[in-house]
Every structure is written in C-alpha cells, then in structure tokens.
Amino acid sequence: MIPLDLDKIAAIVGGTVEGDRAVTVTAPAVLDGRQAEPGGLFVAFAGEHVDGHDYAAQAARTGAVAVLGTRPTSLPTVVTRDTKAALQALAAHVVARLRAKLTVVGVTGSQGKTSTKDLLAAVLATAAPTIATVGNLNNELGVPVSILRVEPDTRFLALEMGARRMGDIAELTSMVAPDVAVVLNVGQAHLGEFGSRAAIAKGKGELVQGLAPCGTAILNADDPRVVAMRSLTDGPVLTFGRAEHADVRVLDLTLDRLGRPSFTLRTVDAVAPVALPLVGAHQALNASAAAAAALAAGIPLDAAAAALATASLSKWRMEVRDLANGARLLNDSYNASPDANRAALDTLAAIESERRIAVLGEMLELGDDSETEHHAIGKYAASRADVVVTVGEAARALAAGAGERAVAVPDNDAAIDWLRGHLTAGDVLLVKASRGARLDEVAAALA
C-alpha cells in the first residue's frame, strides 16, 4: 500500500481520527486481524454475531498499526459511518493516484475467474511489477482490499470481479474502471440469485460497460452470450477460444498422461506453442484469455506463452498430489457449478489410472434447477469415473444420477473413512463441491 497517515485517510473517507494522528499506514489493509502485516490497516466490521472492532488488539499483535471502523478501538482508529463505503473510497483514491502509470485488468465469468487471473498475473509479472487478487477475494470487500495492495512501482493490477446479483460488478468498476475487461463465460453459477442465464449475462456485461475510455474488451469467441457483449462497448475488442474466428485461437490441443494440456496459440500475425504445468483441457481456454488480455496490455504473444509455461494456481484449484499409498489426488474443492464439474470430470477421465474415483458434494446457488442439475452431473460423473462418492444429504440427486456407480455417504468423515479403506495404488481421485460443502477437509485428511 502507498503510505498514508491517518489524517489523510480520514479526509479521504470522510471520517475522524481517534488516537494517535501521527500514525502512518505502510502495509496492506486486511479484513482478518490475524493476517495483518507490520504497518498494516485492520478494517473492522460489526456483524450480527461478531464485531471486528473487538479484535483490534489481535490485529495489533500481528502488526496492524491502525483500524478503519465505525467506533474507536484500542488502536488508533479512523472512525466513519460506513466501513464498506470508506474502504471503497480509500481504494478508489489510491488507484486514482497511480492511474497514469497503472494498467488495470478486470476478469469475470461464471467459472474460471481465479485460474485465469492467476495465469494472467504470471504473464504480467514477467513484464513489470504486478499486483493481483489473492485467491478469489472478488467481491465488494475483496476488490478494494486487493487494490490497496498496490505500491508506487506497481504497473499492472489484475482484479478478479465476481457477482451474485445485478449491479455487483458495476459497484466494483465504480472504484476503478478497467483498461482491459475479460469475460470468460456465462454459465449457471449463482443462477438461483440471478434467475436466468440472460440475467447472468447482463450482470457479467457490466464489466464491459465499466471499461475506461478506449479500454479493450476480451471476449470468449466460443460463448454466444459473451460474444454478444461486443455491442456494449465502442472500444476495441479481442476474442479468444477455439472458434475459427477467434483473434487468439487455441489449436492442436492435446493432453499428456497426467492431463496437462499442450497447444498452439495463434493470432493474425504470431504463433506460439504453450505447454501448461496445469491439469485439464479447459485450462487452455483460460490461458488463451490470459494471453489475449496480455496482448491488450502490450505484452507480445511469445512472451505470454513463455510465462504461461511456469504459471501456478491458487490453492484447491486442480491441485495434484501423489498420496503415500500410491494414489493420486486431484483437489478442486474450492467451488463448483455444473459447467465446472463437467470440466473437472473430463480432467479426471483424461488422466491415466487404474481406477477413477469422483468425490462430489453439493453445488450451491442453482435455484429451482438444483435437483435437475445435480442429477445430470451425477449421470455425467458415472460416464467419467468408475466410482462416484456423493457426500451429504444435499448430494442425494448426484447419487441418483450416478446410479450403480454411486457410493452415498452422509458426511465428510464418512467419506474420509470410505476412501481410506478403498483407495489403492494407481487410483486417481477427484474432490469437488461448492465451498459450503468443505470437501477440502476430505482432501486434507487424505493428503
């Protein structure tokens, strides 16, 4: 974070200082006091059950020197009426100060946001100092916290931008209008909140509408709902994907025995081979999106391709680990949707193994389509795996869809017990569900 004293922060957010006004914040802002760094700012929220202000002393022990909140604390505090609005105002001010030298890239889509952001950050960082969203802190609080990690020498800012309802992305672009807007796809994630895929498309389109003047839209040539967003901007557009008309096209896609993709990226005037150290054919599409965004940011295709070959992803996203008993774990437990589950199951099927086991839990936020979609994914899993372990009562439709290949267990502990008793050398195991199912506990127990 760029250094700011508390008087300056108070002036930016319209607050007052309680305590030592001479304190200067020099490290990033955090929402969890346990994650504070020396010189950092702890952003405190008063929730229904927990009041963050009560944890100021804890934040101080890990290095925080000040608090942004709605009441005084044991640390010097900038007191404001609305912590969220203050946090966003502070982020908008900081990014505006650096805007002349900063290129901002926003990434959204129903699935693949975090992986694409990670790939893009790896490419941008080879060219200049880069700050990117940590994990998937992509909402109205996570985005400003990510923005506040910029330093005076930062030249690229890669922001993942999520949405659960209409207007969410517009709120984010009001803090910072991106120079490059990447829209990956329009799927069924958060269908329950949006109500329809048309509404999801409209919500994702807010990123294109929020572009800075002359900003570039990066659109998926393989998704008609995304391609239609071309009409939302008068600025330049680059497309990516496997379609013949894509500006950054994926060609000659193959997978090795571990499911790692190799392919060629082709533009109108350049060709570059790519071999990703990641698993899953779908990562080739994410890589083409990252390469297209990098081109818009001024990075040549060959440089982007070289950087993609060294990229890594955030935790619990297609993590591959060899287990002590000779089985292989594919941990994709961070989140799930129907489209993401199909991609993960395709990856499982592509890995050479003696037996393939899919451990699946509930997919949240599918609304009225939940039962149908769970049944369909269970059926699809049965076509890609030898055994489908479904976890929890909410996953009963998955088990019904998987039929004779299903093993239904009541909870994570039961899943762990079954797997410990049945996994053998040569097996490949996929673990995937929505975050609320906490199947990362299953993966951690096995690993």
Side-chain angles (χ1 to χ4, degrees), residues 1-17 24-31 39-45 52 66-70 77-108 117 121 124 129-134 136-182 203 206-216 235 297:
M1 180 168 167
I2 62 174
L4 292 170
D5 63 44
L6 296 195
D7 276 336
K8 180 62 174 178
I9 292 174
I12 293 166
V13 305
T16 58
V17 179
T24 296
V25 173
T26 58
V30 296
L31 304 175
L41 178 69
F42 174 43
V43 184
F45 287 86
V67 172
L68 176 64
T70 54
T77 304
V78 175
V79 178
T80 182
R81 294 179 59 185
D82 185 333
T83 303
K84 184 184 84 166
L87 175 64
Q88 293 182 349
L90 183 60
H93 171 86
V94 167
V95 79
R97 279 185 54 174
L98 301 175
R99 203 64 174 94
K101 297 181 179 180
L102 190 66
T103 297
V104 179
V105 185
V107 180
T108 196
K117 176 267 302 177
L124 297 176
T130 298
I131 293 294
T133 302
V134 175
N136 73 329
L137 294 176
N138 61 23
N139 63 10
E140 72 279 7
L141 303 181
V143 169
V145 165
S146 297
I147 290 172
L148 290 174
R149 294 179 57 239
V150 299
E151 301 285 349
D153 65 344
T154 302
R155 293 297 171 262
F156 293 113
L157 176 60
L159 295 172
E160 180 180 333
M161 295 186 171
R164 292 179 178 272
R165 60 191 65 82
M166 208 71 69
D168 280 358
I169 292 178
E171 179 180 351
L172 303 179
T173 59
S174 69
M175 281 181 276
V176 54
D179 303 290
V180 182
V182 182
E206 291 174 357
L207 184 61
V208 178
Q209 292 173 307
L211 274 165
C214 301
T216 302

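Count residues from 1 along the sequence.
Atom OG of residue Ser174 and atom CD of residue Glu140 lie 11.5 Å apart, to the nearest 0.5 angstrom. Within the model, atoms CG of Leu41 and OG1 of Thr24 stand 12.0 Å from one another, a figure rounded to the nearest 0.5 Å. For the atom pair Thr154 OG1 and Leu124 CG, the distance stands at 12.0 Å (nearest 0.5 Å). Here Asp179 contributes atom CG and Leu102 contributes atom CG; the two are 7.5 Å apart, rounded to the nearest 0.5 Å. The structure places CG of Leu68 at 9.5 Å from CG of Leu148, a figure rounded to the nearest 0.5 Å. Rounding to the nearest 0.5 angstrom, the gap separating the CG atom in Leu211 from the OG1 atom in Thr216 is 7.5 Å.
The shortest heavy-atom contact between Leu6 and Val78 is O-CG2, 3.9 Å. The two residues Gly52 and Ala44 come nearest to each other via the heavy atoms C-CB, 3.8 Å. Here the closest non-hydrogen pair linking Arg149 and Pro28 is CG-CB, 4.0 Å. Of all non-hydrogen atoms in His93 and Ile12, the two that sit nearest each other are CD2-CD1, 3.2 Å. Shown here for Ala86 and Val13, the closest heavy-atom pair between the two residues is O-CG1, 3.3 Å. In this structure, Val25 and Gly40 approach most closely via the heavy-atom pair CG1-C, 4.2 Å.
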- Message: Applying salt bridge (Lys or Arg N to Asp or Glu O under 4.0 Å) to Asp168 and Arg165, what does each step give before you reach the verdict?
- Response: CA-CA 6 Å; Asp168 280 358; Arg165 60 191 65 82; 3.6 Å; yes

- Message: Working note: Lys84 + Glu171, criterion salt bridge (Lys or Arg N to Asp or Glu O under 4.0 Å); need CA distance, chi angles, decisive distance, verdict.
- Response: CA-CA 12 Å; Lys84 184 184 84 166; Glu171 179 180 351; 3.4 Å; yes

- Message: Working note: Thr130 + Leu157, criterion side-chain contact (heavy atoms from CB on, under 4.5 Å); need CA distance, chi angles, decisive distance, verdict.
- Response: CA-CA 6 Å; Thr130 298; Leu157 176 60; over 6 Å; no

- Task: List the steps, then state whether side-chain contact (heavy atoms from CB on, under 4.5 Å) holds for Leu31 with Phe45.
- Result: CA-CA 8 Å; Leu31 304 175; Phe45 287 86; 4.0 Å; yes

- Item | side-chain contact (heavy atoms from CB on, under 4.5 Å) evaluation trace for Val94 with Leu4 | CA-CA 10 Å; Val94 167; Leu4 292 170; 4.1 Å; yes

- Message: Between Thr70 and Val79, is the side-chain contact (heavy atoms from CB on, under 4.5 Å) condition met? List the steps.
- Response: CA-CA 5 Å; Thr70 54; Val79 178; 5.5 Å; no

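Considering only heavy atoms from C-beta on, Glu151 stays 4.5 Å or farther from Leu98 through its side chain. A 4.5 Å side-chain heavy-atom check between Val17 and Thr77 finds every atom pair outside the cut-off. Using a 4.5 Å cut-off on side-chain heavy atoms (C-beta onward), Val30 and Val43 make no contact.
Put simply, the side chain of Arg155 never gets that close to the backbone of Thr103: no donor and acceptor are under 3.5 Å apart. Panel note: side chain Glu160, backbone Lys117; no donor-acceptor pair is recorded below 3.5 Å. Looking only at distances, a side-chain donor or acceptor of Glu206 sits under 3.5 Å from a matching main-chain atom of Gly167.
If you run side chain to side chain contact (heavy atoms under 4.5 Å, CB included) between Leu159 and each of Val107, Val95, Val105, Ile147, only Ile147 comes through.
Under the side chain to side chain contact (heavy atoms under 4.5 Å, CB included) criterion, Thr173 pairs with Met161, Ile169, Pro178, Leu207, not counting sequence neighbours.
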